[in-house]
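Since the structure comes first, as structure tokens, the remarks are kept for the end.
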Amino acid sequence: MNKTQSWNIITLFAILIFGFAIATIIAPDTEYSETENRTLAQMPDFSLEALLDGSFASDYEDYLTDQFVLRDNWIALKTNTEQALGRTQSNDIYFADDDYLIEAHTDTFTAEQAATNIQLLAQFVEKYAGQFTDGHMTVMIVPNAVDILRDKLPAFASPYDEGEYLEELQVAVETAAGRENLWFDARSVLQEHRDEEIYYRTDHHWKTLGAFYVYQAWAEAQGYTVPTADSWQIETVTEEFEGTIQSKLGIHTVTDSIELYLDPEDPYYTVEKDGSGEISYSLYDYSALATKSKYDIFFGGNNALTQITTRAGTGRKILVIKDSYAHCFVPFLLSEFDEIDVLDIRYYNQELSVLISEGGYTDVLFLYNASGFAEDASLARLLY
């Protein structure tokens with residue numbers, strides 16, 4: 001290779017490196033990624049304190065990663081290259097059997113936040129267990145697909161055993177409560193149905209079928225009417241759902257279907273979100289089906305406090321403290337509770353203790369998915 005060729009290569013690399021850097025700086029920042037269904041990092045505010053404690057550098061790195069020009073294209077190129085090389089995992093996601101994309105959740109359950117959240121939930125249970133007696137407070141932590149669908153993982157995959165974390169959590173909350181009937185074992189129920197389509201192939205949520213099986217078991221344990229599949233009108237509202245896991249890889253694999261379990265008797269109920277005063281008459285936002293975020297058909301997405309009033313006539317009122325795994329579970333509660341308050345602590349800025357003391361609740365259900373619970377940095381609000 002002569003000197004001219006060497007300089008040509010150096011010049012080309014310089015143009016690529018500095019060209020993309022300049023393009024990234026010049027291009028307007030994007031606030032939201034429709035592909036990944038998440039808010040992107042924005043330019044952090046500079047301060048001497050942030051510079052000295054390292055937070056500015058960390059936030060700026062996140063900003064550059066999220067705002068890099070042609071970011072989606074580079075993610076797709078990386079994924080396609082790894083697949084071509086025979087890799088079985090990319091971006092902490094397994095390429096599993098039957099077209100499943102399954103998040104590994106590496107380091108999630110061994111992180112400091114995961115241990116902290118066990119103690120926070122235990123303190124919450126200890127604080128309120130006396131108010132909600134036997135059978136009226138339930139902790140339900142739903143394991144992720146990587147735990148239940150282990151048979152579908154690539155050979156030699158060795159993800160963390162979520163069961164170990166859930167057992168530690170169970171011991172903590174039951175010790176705090178001073179009784180053993182507070183924890184509901186969703187894991188065992190889902191393991192019995194692991195050969196069925198109880199998780200989405202492209203998304204991190206469980207499907208409504210999985211939620212139905214768990215509700216059946218929980219209703220039996222609570223002494224409620226136990227529905228059968230024939231009790232519902234099952235409506236497939238789309239077969240074109242591409243979820244957040246697929247989006248993280250920047251590729252298109254398969255599409256998922258979303259099912260709603262509708263009561264054929266069409267019971268009357270009202271829904272109010274975040275104290276807006278605006279009343280709707282359905283838990284489902286069908287307009288979401290025209291967007292990338294089709295899972296938002298449930299509740300229209302995340303809201304701080306959704307209040308549902310029914311005509312069940314049971315005299316019971318429940319507070320559901322939840323993440324988005326609860327969205328396809330809550331509709332099964334309509335026939336058992338006169339009022340259902342659905343609280344997302346991540347977005348609720350009021351004091352939870354005031355809500356509980358003034359809410360007149362007969363029951364509390366804490367419903368999260370395992371990795372979502374372990375990673376949630378807002379659970380200290382449970383003690384406010």
Side-chain angles (χ1 to χ4, degrees), residues 109 117-118 120-145 147-148 161-194 196 198-199 205-228 261 314 316-337 340-345 356 361-374 376 379 382:
F109 298 99
N117 287 352
I118 289 178
L120 289 172
L121 183 56
Q123 291 174 55
F124 169 79
V125 167
E126 183 176 22
K127 182 176 181 179
Y128 293 106
Q131 181 175 337
F132 299 97
T133 55
D134 286 1
H136 293 282
M137 174 180 275
T138 302
V139 173
M140 183 188 296
I141 307 297
V142 181
N144 304 104
D147 181 62
I148 301 300
D161 182 2
E162 287 189 16
E164 181 179 330
Y165 182 77
L166 294 178
E167 287 175 7
E168 183 180 354
L169 180 55
Q170 178 181 359
V171 170
V173 298
E174 289 184 343
T175 300
R179 59 178 188 261
E180 296 183 354
N181 64 345
L182 179 140
W183 177 267
F184 183 79
D185 184 10
R187 186 172 187 244
S188 294
V189 177
L190 293 174
Q191 284 177 330
E192 292 178 2
H193 298 279
R194 62 182 177 272
E196 300 177 56
I198 55 176
Y199 290 92
H205 290 99
W206 58 351
K207 298 196 73 173
T208 316
L209 178 63
F212 171 69
Y213 285 136
V214 171
Y215 177 76
Q216 273 189 315
W218 182 67
E220 182 176 10
Q222 296 294 102
Y224 303 151
T225 301
V226 180
T228 63
Y261 280 51
T314 62
R316 293 191 290 265
K317 180 178 181 179
I318 189 170
L319 174 65
V320 181
I321 304 174
K322 60 83 187 179
D323 66 7
S324 57
Y325 259 56
H327 290 188
C328 62
F329 184 93
V330 167
F332 296 118
L333 302 175
L334 292 174
S335 63
E336 293 294 344
F337 295 92
I340 305 165
D341 283 1
V342 184
L343 175 72
D344 195 321
I345 201 75
I356 292 178
Y361 301 109
T362 60
D363 296 81
V364 169
L365 169 63
F366 187 93
L367 198 168
Y368 263 69
N369 81 89
S371 66
F373 171 81
D376 193 343
L379 290 183
L382 290 172

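- Nearest heavy atom pair, residue Ala374 against residue Asn117, reads O-ND2, 3.2 Å.
- A heavy-atom distance below 4.5 Å is not found between the side chains of Val320 and Leu343.
- Residues Met140 and Leu367 are in side-chain contact: their nearest non-hydrogen atoms beyond the backbone lie under 4.5 Å apart.
- Residue Trp206 is tested with Phe212, Tyr325, Tyr215 for a ring-ring contact (aromatic ring centres under 6.0 Å, His included); the sole match is Tyr325.
- In this structure, the separation between CD on Glu162 and CG on Leu169 is 11.5 Å, given to the nearest 0.5 Å.
- Look at Arg187 and Asp161 and you find a salt bridge, because one of the NZ, NE, NH1 or NH2 atoms lies within 4.0 Å of a carboxylate O, short of that distance.
- Listed here is the closest heavy atom pair of Ala172 and Ile118: CB-CG2, 3.5 Å.
- With rounding to the nearest 0.5 Å, the separation of CG in Leu382 from CG in Asp376 is 8.0 Å.
- Looking at residues two or more places apart in sequence or on another chain, you find no side chain to side chain donor-acceptor pair (under 3.5 Å) involving Tyr224.
- Put simply, the side chain of Asp363 does not reach to within 4.5 Å of the side chain of Met137, judged on heavy atoms.
- Annotation: side chain of Gln131 is in contact with side chain of Ile356 (closest heavy-atom distance under 4.5 Å).
- Between Ala122 and Ala176, the shortest heavy-atom contact is O-CB, 3.2 Å.
- Across all non-hydrogen atoms, the minimal contact from Glu174 to Glu180 is OE2-O, 2.8 Å.
- Not counting sequence neighbours, Ser335 has no partner by the side chain to side chain donor-acceptor pair (under 3.5 Å) test.
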| message | Please determine whether side chain to side chain contact (heavy atoms under 4.5 Å, CB included) holds for the pair Thr133 and Arg179, giving the CA-CA distance in whole Å, both sets of side-chain angles, and the decisive distance to 0.1 Å. | response | CA-CA 10 Å; Thr133 55; Arg179 59 178 188 261; 5.5 Å; no
| task | May I have the step-by-step check of side chain to side chain contact (heavy atoms under 4.5 Å, CB included) for Trp183 and Leu166, ending in yes or no? | result | CA-CA 10 Å; Trp183 177 267; Leu166 294 178; 4.2 Å; yes
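- With sequence neighbours left out, Asn369 forms a side chain to side chain donor-acceptor pair (under 3.5 Å) with Asn144, Asp323, Ser371.
- Between Phe184 and Val189 the shortest side-chain heavy-atom distance falls below 4.5 Å.
- Between the side chains of Tyr213 and Glu192, no donor N or O sits under 3.5 Å from an acceptor N or O.
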| task | Go through the steps for Gln222 and Glu336 under the test side chain to side chain contact (heavy atoms under 4.5 Å, CB included), then give the verdict. | result | CA-CA 11 Å; Gln222 296 294 102; Glu336 293 294 344; over 6 Å; no
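- Aromatic pair Phe366/Tyr368: centroids less than 6.0 angstrom apart.
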| Does the side chain to side chain contact (heavy atoms under 4.5 Å, CB included) test come out yes or no for Ile318 and Thr362, once each step is laid out? | CA-CA 6 Å; Ile318 189 170; Thr362 60; 5.8 Å; no
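- In this structure, the separation between NE2 on His327 and OG1 on Thr208 is 12.5 Å, given to the nearest 0.5 Å.
- Residues Leu379 and Leu120 share a closest heavy-atom pair of C-CD1, 3.8 Å.
- Minimum heavy-atom separation, Ala219 to Thr225: CB-O, 3.9 Å.
- Atom CG of Leu209 is separated from atom NE2 of His193 by 8.0 Å, given to the nearest 0.5 angstrom.
- Interatomic distance, CD1 of Ile141 versus CG of Asp185, reported as 12.0 Å (0.5 Å rounding).
- Using a 4.5 Å heavy-atom threshold, the side chains of Leu319 and Ile321 count as touching.
- Environment of CD in Glu220: sparse, with no more than 12 heavy atoms of neighbouring residues, nucleotides or ligands closer than 6.0 Å.
- Looking only at side-chain heavy atoms (C-beta outward), Thr138 and Leu182 stay at 4.5 Å or farther from each other.
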| request: Test ring-ring contact (aromatic ring centres under 6.0 Å, His included) on Tyr199 and His205 and set out the steps. | output: CA-CA 6 Å; Tyr199 290 92; His205 290 99; over 10 Å; no
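- Centroid-to-centroid, the aromatic rings of Tyr128 and Phe124 come within less than 6.0 Å.
- Taking 4.5 Å as the limit, some side-chain heavy atom of Leu333 sits within range of a side-chain heavy atom of Trp218.
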